[in-house]
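Each residue takes its place number in the sequence, starting with 1.
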Amino acid sequence: MNKKQCNALLPLVQLLPAVAAAAAVLFALPRTVPVLAAVPERLTAVVEQPVEAASSEAEEEVLPKLPYADGVYVGSSRGYGGAVRVQVTMENGSITEVEILGASHETKQFLRRAKRLLTTVVEAQSWEVDAVSEATYTSRGILGAVHNALTGEVVNNPLPPQPKPAAPLVVEEFTAPSTYLDGIYTAEAMGFEGEITVQVTVAEDKITDITLLSAEDEEEYLSMAKQVIPAILEGQNPNVDAVSGATYSSTGILNAVKLALAKAAVAPAEEAAPEQAASEEAAEEAAAPSEAPEPEETPVTAPTVEVVQPEEKSAVPVWLKEVWQQLFPADAPASSEPEPASSEEVLSASESALPPEETGIESETEGAAE
């Protein structure tokens, strides 16, 4: 075979693999079509088989038969702030309902979160489920109460960490004043977690309103502590008992009210000032008349006996003195004629004849007697 013939057969040789592949496909195709047609059915069977198995297993998990008689059971266990009581209903060997009967010591927001477990326990038909992470201690109280209700076993949950107050408990001393000044007064005092601020209104010497302006304590305890406000308004005095269960918060409110009322109280100095001034004036008035007669008593008492001598005055009349002076002039010798009376008697007689001097002496004597 020459070169020209080889070049002519070369394209045919290159087509042989394609022809062989086409022949193989044509030969196997009749047998492949039934197999391909059956593929969807086989896939459907494979998919449906696990679903049916899973559903049967789910039915077995949803409807477990618990070894407890039908009825309503009540149990309790320790939560965060105290005991949590639940009621569990059993029907046909299954837990059909779980209710919370009492959880008064639990914080409301944490209790609200923990209530998700009521549905979880019914779905799982067991108390052995995970607690709610945001309300661990309250959740443990609910689950332990379900356990206690169904089995009667006491469940001792661990105690939560006890929070510490921001400051020691201090009770302010308060003595009610006699009078309040009208106005609005604000004061602060320490509660459990921080300061509590109140506003007190006083009108016509009475406490008419108390408002809690701000507080850092939890709302649950504040709502309990506010019970002291009506008691203060009723008794018109902040010396009332603190609320049990919210001692720090209620004491903080009472202390703040006491400090506000201390600002409204009239100062003792202001009350005593008018009384003190009046007493001083009364003392001055009482002292004035007692001092007045003292200088009058000393000069009046001595001459009283000598002045009033009516019998001695009548011994030498005035007319006799005048006649005597006319008959016997002053330059006459004293030894020639006898003197009718002594000089002291004449002087006393002349003084008795002067009415103004006698009147003045009598007035002084009367004043001394009074």
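Between Ile196 and Asn255 there is no side-chain heavy-atom pair separated by less than 4.5 Å. Val121 is listed as a side-chain neighbour of Ile95, based on a closest heavy-atom distance under 4.5 Å. Residues Pro158 and Arg140 meet the side-chain proximity criterion, which asks for heavy atoms closer than 4.5 Å.
Alongside Val74, the hydrophobic cluster contains Leu101 (criterion: ILVMFWY side chains under 4.5 Å). In this structure, Tyr80 shares a hydrophobic cluster with Tyr137, the cluster being traced through Ile, Leu, Val, Met, Phe, Trp and Tyr side chains under 4.5 angstrom apart. Side-chain heavy-atom separations under 4.5 angstrom define the hydrophobic clusters, and the remaining members of the one that includes Phe192 are Leu169, Tyr248. Val72 belongs to no hydrophobic cluster with other residues, because no ILVMFWY side-chain heavy atom falls under 4.5 Å from its own, directly or through intermediates.
Evaluation of the side-chain contact (heavy atoms from CB on, under 4.5 Å) rule for Ser139 yields Ala114, Leu117, Ala131, Val132, Ala135 as partners, not counting sequence neighbours. Judged as a side-chain contact (heavy atoms from CB on, under 4.5 Å), and not counting sequence neighbours, the contacts of Ala256 are Ala189, Val198. Residues passing the side-chain contact (heavy atoms from CB on, under 4.5 Å) test with Ala149 are Tyr73, Val88, sequence neighbours excluded. Partners of His147 by ring pair (Phe, Tyr, Trp, His ring centres under 6.0 Å), not counting sequence neighbours, listed by chain and number: Trp127.
Distance OG1/Thr96 to CD/Gln125: 8.5 Å, rounded to 0.5 Å. Atoms OG1 and CD1, from Thr186 and Ile184 in turn, are 8.0 Å apart once rounded to the nearest 0.5 Å. The distance from the CZ atom of Arg85 to the CD atom of Gln87 is 9.0 Å, given to the nearest 0.5 Å.
Side-chain atoms of Ser249 and Asp217 include a donor-acceptor pair closer than 3.5 Å.
The local environment of CG in Asp182 is crowded, with over 12 non-hydrogen atoms from other residues, nucleotides or ligands closer than 6.0 Å.
A donor-acceptor pair under 3.5 Å links the side-chain atoms of Asp70 to the main chain of Asn92, judged by distance alone. The closest donor-acceptor contact from the side chain of Gln236 to the backbone of Leu233 lies under 3.5 Å.
For the residue pair Gly144 and Val155, the shortest heavy atom distance occurs at O-CG2, 3.6 Å. Of all non-hydrogen atoms in Glu106 and Leu111, the two that sit nearest each other are CB-CB, 4.3 Å.
Residue pairs meeting the side chain to side chain donor-acceptor pair (under 3.5 Å) criterion with at least one member in residues 237-246, sequence neighbours excluded, are Asn237-Asn239. Under the ring-ring contact (aromatic ring centres under 6.0 Å, His included) criterion, no residue pair touches residues 194-225, with sequence neighbours excluded. Counting only residues at least two apart or on different chains, the side chain to side chain donor-acceptor pair (under 3.5 Å) pairs with a member in residues 188-207 are Thr197-Ser214. Among residue pairs with one or both ends in residues 168-177, none qualify as side chain to side chain donor-acceptor pair (under 3.5 Å); sequence neighbours excluded.
Results of the side-chain contact (heavy atoms from CB on, under 4.5 Å) test with Val86 over Val146, Asn148, Leu143 single out Val146 as the only residue that passes.
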